[in-house]
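One structure below.
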Amino acid sequence: MEKIVVQGGDNRLVGSVTIEGAKNAVLPLLAATILASKGKTVLQNVPILSDVFTMNQVVRGLNAKVDFDEEAHVVEVDATGDITEEAPYKYVSKMRASIVVLGPILARVGHAKVSMPGGCTIGSRPIDLHLKGLEAMGAKITQTAGYIEAKADHLHGAHIYMDFPSVGATQNLMMAATLADGVTVIENAAREPEIVDLAIFLNEMGAKVKGAGTETITVTGVENLHGTTHTVVQDRIEAGTFMVAAAMTGGDVLVRDAVWEHNRPLISKLLEMGVEVTEESEGIRVRSQLENLKAVHVKTLPHPGFPTDMQAQFTALMTVAKGESTMVETVFENRFQHLEEMRRMGLHSEIIRDTARIVGGQALQGAEVLSTDLRASAALILTGLVAQGETVVGKLVHLDRGYYRFHEKLAQLGAKIQRIEANDEEE
Ligand code: EPU
């Protein structure tokens, strides 16, 4: 098993870094490819991540032909054959996001059987909103032996109000609605850039989706969808992670192709801390001076609020800003596990219910730590950059789900970081 080793203390990051296509955009796009009963679909700017390989397997398992040209970052999907209805446990248990095949399979085949996603370290993550919405569109849902079965010869349009703007539920319902009879209105829909990317893609396939990016999405069903060519939107969370890395090392980094609008909630907090953030023609430039960094108060919220997927990395930044910062996590109930690991590095922090209090500006020491989830792994590596001495981060399986060559990109910016093979039983 591999580990990342960081020599901390003197890691001012300087230079430019290139961002990949967004993991959280490409996964639902791959699920949506099975809606195309005519023609092939080509996705460009596809990131090389373990979650993408898993989703490719899910789509292959549904009887579509999937070809991933990794060098070109292109996935080609031919879903013109008979699509099967079952997404088995072996994939859904690997990656919860596989649940987004439920809506497309049901819409295309009239019957879907998808394994229930299991537990998750960052929170309980139910799928009730996905199921309620599909039921409103006429699906009969049953749950047996760890599987959800949904049946509907013809889905029909419906007016759906979501209790919470769930990203996955919005995606599942939008995709199901593209082939339903009549008009579906999704109120209190998620507004993330990845939702907008999916809507653009569906429209390129011949769907009629309006309002993505606002809280009301309207989908008018069509007879069928066809293949298309689409470029995946840039990964705002990977971009944000490098912006934070630059800020916390007193660095000067141009994050190429990062989209200002997508990172607005993060940028506003960086500016409030005293970090210089500027929009340049090639991307976003972040410059900081450690002695100027101020403590801040942050609360995660659905987009356009501060993203929960930047919470862990931002707490790493809070450790270097003098004074007491607070982070309130409102989206997932168990997403502070990285702070327990950071405590092993000397962090003074306290968690009371959904709020973490972080005492910044104290010297941290390198330690052996374990990633607890994807964003936690990035946060621990970033903390290793500023801690004194050596930090060894294990359980990189989480990191590889969402970051492509993270250590190489950091090393190119000047970080003293390596990825090594380690014979360690606990992995
Ligand atoms: N929720 C429900 N019922 C539902 C669906 C969601 O109660 O039916 C709750 C969840 O339990 C959670 C909250 O709503 O507390 C948000 O869940 P949401 O459905 O919005 O999240 P998701 O679709 O499961 C996506 C991203 C996550 C990201 C969240 C929130 C993908 C593949 N995953 O998950 O990404 O944190 O939206 O923005 O798009 C990550 O990349 O590290 C990651 C976890």
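Please read these numbers as outputs of a predicted model, since none were measured by experiment. Whatever order the structure lists ligands and atoms in, that order sets their numbers, starting from 1.
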Quick one: does any side-chain atom of [X] pair with a main-chain N or O of [Y] as donor and acceptor, under 3.5 Å?
| X | Y | result |
| --- | --- | --- |
| Glu329 | Val331 | yes |
| Ser288 | Ala247 | yes |
| Asn172 | Gly103 | yes |
| Lys416 | Ala411 | no |
| Thr184 | Ala177 | no |

Close approach of Arg335 to ligand 1, heavy atoms, under 4.0 angstrom: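 True for this residue.
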So for Arg96, does at least one of its heavy atoms come nearer than 4.0 angstrom to any atom of ligand 1?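 Contact absent.
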Hey, are the side chains of Leu179 and Leu155 touching, using non-hydrogen atoms and a 4.5 Å cut-off?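 Counting from C-beta outward, Leu179 and Leu155 never come under 4.5 Å.
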Criterion side chain to side chain donor-acceptor pair (under 3.5 Å) against [X], the qualifying member of [options]:
| X | options | result |
| --- | --- | --- |
| His111 | Lys140, Lys151, Glu149 | Glu149 |
| Glu194 | Lys23, Arg236, His303, Gln171 | Arg236 |
| His338 | Thr315, Thr383, Thr372 | Thr315 |

So, is [X] polar-close to ligand 1, with some N/O to N/O distance under 3.5 Å?
| X | result |
| --- | --- |
| Glu333 | no |
| Val331 | yes |
| Val167 | yes |
| Pro165 | no |
| Phe164 | no |
| Thr308 | no |
| Gln171 | no |

Testing the basics here: between Ala316 and Ala379, what is the closest heavy-atom pair and its distance to 0.1 Å?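 In this case the closest contact between Ala316 and Ala379 is CB-O, 3.8 Å.
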Assign the ring pair Phe68 / Phe53 to parallel, tilted or perpendicular, where the plane angle (0 to 90°) is split at 30° and 60°.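 Rings of Phe68 and Phe53: tilted, 30 to 60°.
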What do we get for [X] next to ligand 1 when only non-hydrogen atoms under 4.0 Å count, side chain, backbone, both or neither?
| X | result |
| --- | --- |
| Arg125 | both |
| Leu374 | side chain |
| Leu129 | both |
| Met95 | neither |
| His130 | both |

[X] heavy atoms, cut-off 4.0 Å: which ligand 1 atoms fall inside?
| X | value |
| --- | --- |
| Lys23 | 40 (C), 41 (O) |
| Ala97 | 32 (C) |
| Ile127 | 4 (C), 8 (O) |

Lys40 with Asp78: basic N within carboxylate O range, under 4.0 Å: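 Looking at Asp78 together with Lys40, the answer is no, because their closest N to O distance does not fall below 4.0 Å.
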Around [atom], find the nearest protein heavy atom and jot down its residue, atom name and distance.
| atom | value |
| --- | --- |
| atom 23 (O) of ligand 1 | Gly168 N, 2.8 Å |
| atom 19 (O) of ligand 1 | Ser166 OG, 2.6 Å |
| atom 43 (C) of ligand 1 | Asp309 OD1, 3.3 Å |
| atom 42 (O) of ligand 1 | Arg375 NE, 2.9 Å |
| atom 21 (O) of ligand 1 | Phe332 CZ, 4.2 Å |

On a heavy-atom basis, I'd like to know which of Pro126, Ala22, Ala169 is closest to atom 5 (C) of ligand 1.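 Minimum heavy-atom distance to atom 5 (C) of ligand 1 goes to Pro126.
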Closest candidate by heavy atom, reference atom 33 (N) of ligand 1, pool Ile99, Asn24, Asp163, Asp128: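 The residue whose heavy atom sits nearest atom 33 (N) of ligand 1 is Asn24.
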Atom 27 (C) of ligand 1 protein-contacted, heavy-atom criterion under 4.0 angstrom: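 Protein heavy atoms within 4.0 Å of atom 27 (C) of ligand 1 - there is at least one.
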Going by distance alone, is a donor N or O of one side chain under 3.5 Å from an acceptor N or O of the other, for Gln44 and His230?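 Their side chains do not contain a donor-acceptor pair, so the 3.5 Å distance test is not met.
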Scan Val233, Val75, Leu198 and name whichever one has a side chain to side chain contact (heavy atoms under 4.5 Å, CB included) with Leu29.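 That would be Leu198; it is the only one of Val233, Val75, Leu198 passing the side chain to side chain contact (heavy atoms under 4.5 Å, CB included) with Leu29.
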Taking the six-membered ring for Trp, is the centroid-to-centroid distance between Tyr147 and Tyr89 below 6.0 Å?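 No - the distance between ring centres of Tyr147 and Tyr89 does not fall below the 6.0 Å cut-off.
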